[in-house]
Amino acid sequence: MFRGIVQGRGVIRTISKSEDSQRHGIVFLEGMLQLVNVGTVMLVNGCSLTVASVLNDMVYFDIDQALVTTTFDGLEEGDQVNLEIHPKFGEVVGRGGLIGNIKGTALVTAVEENKAGFSVLIDIPKRVAENLTVEEEIGIDGISSCITDMSESVITLHYPRDLLANTNIASLAKDVKVNVEILNEW
């Protein structure tokens with residue numbers, strides 16, 4: 001289980017595609033790079049992936065089954081992704097823990113700035129949002145978030161400005177797709 005607290009962001013430098021899989025080469029920040037090896041399990045935009053290879057400042061991930069339920073197939077070289085390394089055994093995870101099992105993607109319908117930070121409105125597909133309620137935790141691109149408002153399938157999440165420094169949240173805009181993990185299903 002992961003904390004749902006992004007530790008940093010990486011930049012996709014290379015994407016190699018085959019018929020049914022992709023290999024993403026992601027540039028890691030130096031501090032995070034020292035914490036990963038081949039076999040390290042981590043969240044990349046909320047999806048649990050295993051490090052396939054490490055070369056210089058690049059960490060490679062092989063993605064196959066996750067292409068169906070995530071935004072990975074639409075990512076491009078230069079895009080930023082949220083990163084979280086799996087906590088060590090015995091570390092406390094907390095209330096909004098994620099497992100990295102993406103249920104599907106959702107569409108950002110609006111981003112609104114306010115004094116405390118900004119609000120993001122996301123249209124969650126009905127098949128994914130069946131049992132969601134206000135004040136419930138949800139994972140959006142690996143960020144454990146609390147639903148503050150809900151109208152049919154559109155949820156509202158509030159984020160403080162300090163999340164801009166470590167995450168790819170600044171790239172959220174109308175019509176951007178995000179990965180969604182539903183926490184109440186486990």
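Quick note: numbers below take in every heavy atom, side chains included, and nothing from hydrogens, waters or symmetry partners.
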Please check this pair: side chain of N179 against backbone of T71, looking for a donor-acceptor N/O pair closer than 3.5 Å. yes
Distance in Å, I15 CD1 paired with F61 CZ, rounded so as to fall on 0.5 Å steps: 13.0 Å
F28 and Q34, any side-chain heavy atoms less than 4.5 Å apart: no
Determine whether V178 and L164 fall in the same hydrophobic cluster, where Ile, Leu, Val, Met, Phe, Trp and Tyr are linked whenever their side-chain heavy atoms lie under 4.5 Å apart. yes
Min side-chain heavy-atom separation K103-V128 under 4.5 Å: yes
Under a 3.5 Å cutoff, is there a donor and acceptor pairing between the side chains of E112 and S119? no
From D79 CG over to R13 CZ, what is the distance, rounded to the nearest 0.5 angstrom? 14.5 Å
Test Y60 against H24 for ring pair (Phe, Tyr, Trp, His ring centres under 6.0 Å), laying out the working first. CA-CA 6 Å; Y60 294 88; H24 288 215; over 10 Å; no
So, does N56 use its side chain to make a donor-acceptor pair with the main chain of M58 at under 3.5 Å? no
Hey, are D73 and Q22 close enough side-chain-wise for a donor-acceptor pair under 3.5 Å? yes
From F72 atom CZ to I63 atom CD1, the distance as rounded to the nearest 0.5 Å: 4.5 Å
No-hydrogen, no-angle side-chain donor-acceptor test under 3.5 Å, T167 and N82: no
Using salt bridge (Lys or Arg N to Asp or Glu O under 4.0 Å), reason through E84 and R9 one step at a time and then give a plain yes or no. CA-CA 9 Å; E84 180 184 351; R9 60 181 173 217; over 6 Å; no
Side-chain donor or acceptor of T148 paired with backbone N/O of T156 under 3.5 Å: yes
Check the hydrophobic clustering (I, L, V, M, F, W, Y; side-chain heavy atoms under 4.5 Å; chains of links allowed) and say if V154 and I143 are grouped together. no
How many angstroms lie between atom CD1 of I26 and atom CD of E77, to the nearest 0.5 angstrom? 11.5 Å
Do any N or O atoms from the side chain of N168 and from the backbone of S171 form a donor-acceptor pair under 3.5 angstrom? no
May I ask you to test the V44-L83 pair for a side-chain heavy-atom distance under 4.5 Å? yes
Donor-acceptor pair between T70 and N45 side chains, under 3.5 angstrom: no
Are V6 and I12 linked, directly or through intermediate hydrophobic residues, by side-chain heavy-atom contacts shorter than 4.5 Å (ILVMFWY only)? no
Backbone N/O of S21 and side chain of S18: donor-acceptor pair under 3.5 Å: yes
For residues I99 and F2, report the shortest heavy-atom separation together with the two atoms involved. O-CE1, 4.0 Å
Enter the distance from S145:OG to E181:CD here, rounded to the nearest 0.5 Å. 11.0 Å
Close side-chain approach of I140 to L157, heavy-atom, < 4.5 Å: yes
Would you check, one step at a time, whether the test side-chain contact (heavy atoms from CB on, under 4.5 Å) holds for E135 with I147? CA-CA 5 Å; E135 296 187 15; I147 299 171; over 6 Å; no
Check whether any side-chain heavy atom of L132 lies under 4.5 Å from a side-chain heavy atom of I138, and answer yes or no. yes
Under 3.5 Å: donor-acceptor pair, side chain of T40, backbone of V38: no
Does I85 reach the side chain of Q7, with side-chain heavy atoms less than 4.5 Å apart? yes
Under 4.5 Å between side-chain heavy atoms, hopping through other hydrophobics if needed: is there a path connecting M32 to V54? yes
